[in-house]
Structures are given as structure tokens and as C-alpha cells.
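Worksheet: one structure, shown below.
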Amino acid sequence: MAKHIFITGGVVSSLGKGLTSAAIGMILEQRGLKVSMQKLDPYINVDPGTMSPYQHGEVYVLDDGAETDLDLGHYERFTHAKLRRSSNYTTGRIYSDVIARERKGDYLGSTVQVIPHITDAIKDAIRAGVDADCDVALTEVGGTVGDIESLPFLEAIRQFALEKPHGDVMFVHLTLLPYLRASGEMKTKPTQQSVGKLREIGIQPDVLVCRTEQPMTEEMAKKISLFCNVRQGCVIEERDVDFSIYEVPLMLVRAGLDRIIVDRLGLPKDRETDLVEWSRMVEGLRRTTDTCEIAVVGKYIELHDAYKSIYESLTHAGIASRCKVKIRKIKAEDYYTKGAELLAGVDGLLVPGGFGERGVEGKIRAIQHARETGLPFFGICLGMQCATIEFARNVMGLEGAHTSEFAQDTLHPVIHLMPDQANLSDKGGTMRLGSFDCRLAKDSLARRLYDAELVRERHRHRYEFNNDYRERFVRAGMVLSGVNPERDLVEIVELPDHPFFVGVQFHPEFKSAPLEPQPLFRGFVAAALAHAKNGGRSMARSLA
Ligand code: GLN
């Protein structure tokens, strides 16, 4: 039977609860334990797939096609937990399941209520998230204690713990110790109040992880311990990291969190947490002196979280190439008005995925510049579609070529709607979602970088490369280096006479981790580093 850790958050949102949960999962894995990871989100959308990046940041896609919260990206980057649709539940999903059952007559005779029906459904969801052979199941509760929406989830985890032996369930609460610059002190009151709220519901946290800007003194830990009814040794400091999120697990182990968990849950103590490889990776990252700069030209560039996995994947590839990857964020519309001066001095261009027409012409112009000057280019999803359009217009001379997403009456729809998307009316969960096979062409750059013939990558799109134009693209010199064998869909395009020009219909950023960088990101950053080392001039094709 798996042990359970529930992670809640207090005081304010955006404290890095997902990151802390992922770090705890990673620490336990490094003690030889098998973990499962799950997130419960209090909002009413059935999943985040229909939310704009302004509301939610990145939508993270799993192998099984589930569109999930971006914290699941942290879970996959830090741990080997197998994530699937049951790794992320929202209030909307819980309620729609309960309401569907009510309509079927499953509750015949009873009044359907938050307690017990919704809380029972939440407990079922928690159980569904546990892998059969897992030792520890971690469940993060989204939102902040005190939110109205969070209440049913907190009530459910309280009940869940009550139904298990005391030694099988523990609660970790993440809070903030704000630092008041004017008086030069850190304050514990918000933490006291947040724990007070939890205790009102009937949850006594076993561990408090306190986010701080300044060191937490012994005296403060004592005070928090006293007021929050948490053992002093279990009041842990999690200081702001100065350069990398990958430091977090190291910091938590230094504070003794691994031992606290093992003691509290009665887990085996026959081995220590093995942080050798991870510490080496973080140290390597700290020491690197080589740098390359990548321009990301996107629509939501001002948002911190919209391209989270892409930024992380670039960092991972940097670890592999022993270089720091600096990111220059460029708004696609600005590129349209200001042009190539915005790319001066960069070593690579990445155009990420997206929806909606705004900024598309700017992306296309930036890609033209990269193609013509030999600047390494990596296009993802809409980025690949823009590269295809640019090539059609400027190399093949197909005037007005476009995607039918933005120009339904174009003479040359080189990107068009997938036939199975044509008659869909619902927006939620209806795109081409999840992992699909991609066969790589012999002698292509993609094949060399992956070092495999068949790979699987994750998708999230409605439009695709139009096969009616395939021959013409090939004749003009574009290599269609990755094709989905079942449906004959073009998944990768590349230009052989360019140092690095690759566009992919899928999202490789969902399959990268610090110790296992994604091969295409690796190749891209290696090409960008070669560009940087060559004084910012283009190079002949070079591989990592
Ligand atoms: N809007 C494009 C499509 O639906 C690209 C999607 C994406 O970049 N994720 O095909």
C-alpha cells in the first residue's frame, strides 16, 4: 500500500508549490522509492485546455493526450513518475463526473451533496492517481488555503487521512515568510494564520516549508513551531534560489526534509538520498562560462509561464552543451514593425507554438531572416507551420501561401485543417492530442540527432502540413524528415543546406529533463553555441 503526502499552500499563490512537490518526489526517488505525482486544481474548467495563456500559462500535454496544469511539467522534469489523465483533476471534472452519475441514476433516492458525494469523488480521484506498485503518492492541492474553491479538496484530504492509519499519510504546507524591507524583519503572522485556517478544517500539517528571501533564524523557527503546532525540526526553510530551480531538492535535503518524511511515514532507512548526479548537474550549470543567446519570438512573450517547458528544455540542452542559454524574448508583432535589428547578436531563433493570427507575419519574417542568414532556427508547432509558409512564399514563389487557420480563402493553403477536425463543434479536448509515432528519414538531421528511426512525441494542434504540396516542397529543397506512419502526416521539416533549420509539428519541450535533454533541443543549442563561438557568424552544418 502506498503512503501519501499531501502538499498544500498558504498565504499567497505562485510560491512554487508545484516545484516543491516535484522536488520532494525527486528526493524520494533518489532514495530508491517509486513515486506517483498528482495535482488537484480547484477551478471549474474541466481541464486547462480551453484557457488562454493570460489565465493559465502553458498547457502541459501528457502521452495519453491529457491537457494538464503546467506543474505536471515540473513533475516530469524532476521525477520518473508515470503521468496520465488521472494525474490531474479539476473541480470541473469532479463535478461533471458526479453530475453524469446522478443523471444515470447512480445516486437514486439521495440528495447529491458536496459532503459526501463530491468529497467521495475526490477521494476516488486521489486513489486513481496512485500507480499500482508505487511506494509514495504525492498529491498537490492547487490554490491557496482560505479560497472558497479549495474547501472540498481540503475536506476530502482530511477524510482521506482519517480513513488511513496515522503513519500512512502526511501533510506538507508551503507558506511565505514575507520580508519587510522598511523594518528589516521577516514576519511569521501570515504563516500562523494560514496554518490556523488549515487546522480549522481539521488538517494539522506535519511539515512547514517556508519560502524566504532572507535566512530563517532559529528563533523564528521556534516561534512558528509554537504557534503552528509543528515540531521545530519540521519547520523548513526554502530560500529563493539565486540561479536555478534545480537547486531546490538539494536545499530541501540540506534542511533534512528527506529524513523527516522517511521517519514520519516509516519508509526504509537503509540508504541515503543519492544526489551525486543531480549535484554534479547543478554545479556544472553554475560553473559554465560559455554562453549562447536564443531569441524566442512569440505571441505571449511577456508572460512568465506561457513557454515554461520551452525555456526549461533550452536550459537542459545547455547543460548538455556546457553552456548557459540566455533568452531574448521578442514579441512577434514587434518583429513585424522593427525587423531584424531585434535579432542582432543572437545565436538562434526559436518560434514556439500558438493559436490566433496576431503576430504571425512577424514570426514569418523572423524565420525568413534565419533561413537567409544561416541563423540556427527551431520551429515548434505553429513555429513549424510558419516556417512552411515562409518557404512556400519566398522560396517556392507561392504568393499568398498561408494556413487555412488564418486565411480561409488563400490560393495556397500549405497548412490546412486535419480532415477529422472539420466537423467538431466542441473546443475542449478535441485537438490532435498526445503521443504519436514519427518515422525519421534516413540521412536527415532529425535521424542523426535522435539516433533512432522511430520516435514518439506529443501533439496539440488542429492544422497540419498539406500533403497536396508535398512534392513541390521536396523539389524546392525542403526535407520532410519526419512522417507519422499511420496517417502519413508530415511532422518534421528541415533544410539541409543550413547550419540548423528544423520545424516540428509536435511539442518536444514536453519530453525534456535536466539529465535527459531532448535530442532536437540539444542539436539546436549545440548549433547556437557553434554560432556564438564563431563570433556570431553562420557555420556550416555542425552537430553536437
Ligand atoms: N494553431 C495551430 C494548430 O492548431 C498550432 C497549434 C500549436 O502551436 N500548438 O494547428
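Just so you know, ligand 1 is whichever comes first in the structure, and atom 1 is the first atom listed for that ligand.
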Legend entry - Cationic N near anionic O, under 4.0 Å, Glu405 to Arg462: no

Inset, instruction - Answer with yes or no whether the side chains of Glu302 and Tyr54 bring together a donor and an acceptor at under 3.5 Å. - result: yes

Legend entry - Residues forming a side chain to side chain contact (heavy atoms under 4.5 Å, CB included) with Leu433, sequence neighbours excluded: Glu67, Met431, Arg460

Legend entry - Residue, atom name and distance, where the atom is the protein heavy atom closest to atom 3 (C) of ligand 1: Arg462 N, 3.5 Å

Inset, instruction - Give a yes/no verdict on whether any heavy atom in Gln385 is under 4.0 Å from an atom of ligand 1. - result: yes

Legend entry - Contacting atoms of ligand 1, where contact means under 4.0 angstrom from a heavy atom of Gly353: 8 (O)

Legend entry - Basic-acidic side-chain contact under 4.0 Å: Arg393, Glu399: no

Legend entry - Those atoms of ligand 1 less than 4.0 Å from some heavy atom in Gly354: 1 (N), 2 (C), 5 (C), 6 (C), 7 (C), 8 (O)

Inset, instruction - Report the part of His507 (side chain from C-beta onward, or backbone N, CA, C, O) that has a heavy atom under 4.0 Å from ligand 1; answer both or neither where that applies. - result: side chain

Inset, instruction - With the side chain counted from C-beta on, respond yes when Tyr75 and Leu83 share a heavy-atom pair under 4.5 Å apart, and no when they do not. - result: yes

Inset, instruction - Go through the steps to decide whether Asp64 and Arg84 satisfy the test salt bridge (Lys or Arg N to Asp or Glu O under 4.0 Å), and finish with yes or no. - result: CA-CA 6 Å; Asp64 67 1; Arg84 50 203 152 80; over 6 Å; no

Legend entry - Residue and atom name of the nearest protein heavy atom (relative to atom 10 (O) of ligand 1), distance in Å to one decimal: Tyr463 N, 2.9 Å

Legend entry - Test of proximity, Cys381 against ligand 1: N or O pairs below 3.5 Å: no

Legend entry - Geometric cation-pi criterion, Arg432 with Phe436: 6.0 Å, 45°: yes

Inset, instruction - Using a 4.0 Å heavy-atom cut-off, say whether Arg460 meets ligand 1 through its side chain, its backbone, both or neither. - result: backbone

Legend entry - Ile380 N/O to ligand 1 N/O under 3.5 Å: no

Inset, instruction - Have a look at ligand 1 and work out which part of Glu405, if any, has a heavy atom under 4.0 Å from it: side chain, backbone, both or neither. - result: side chain

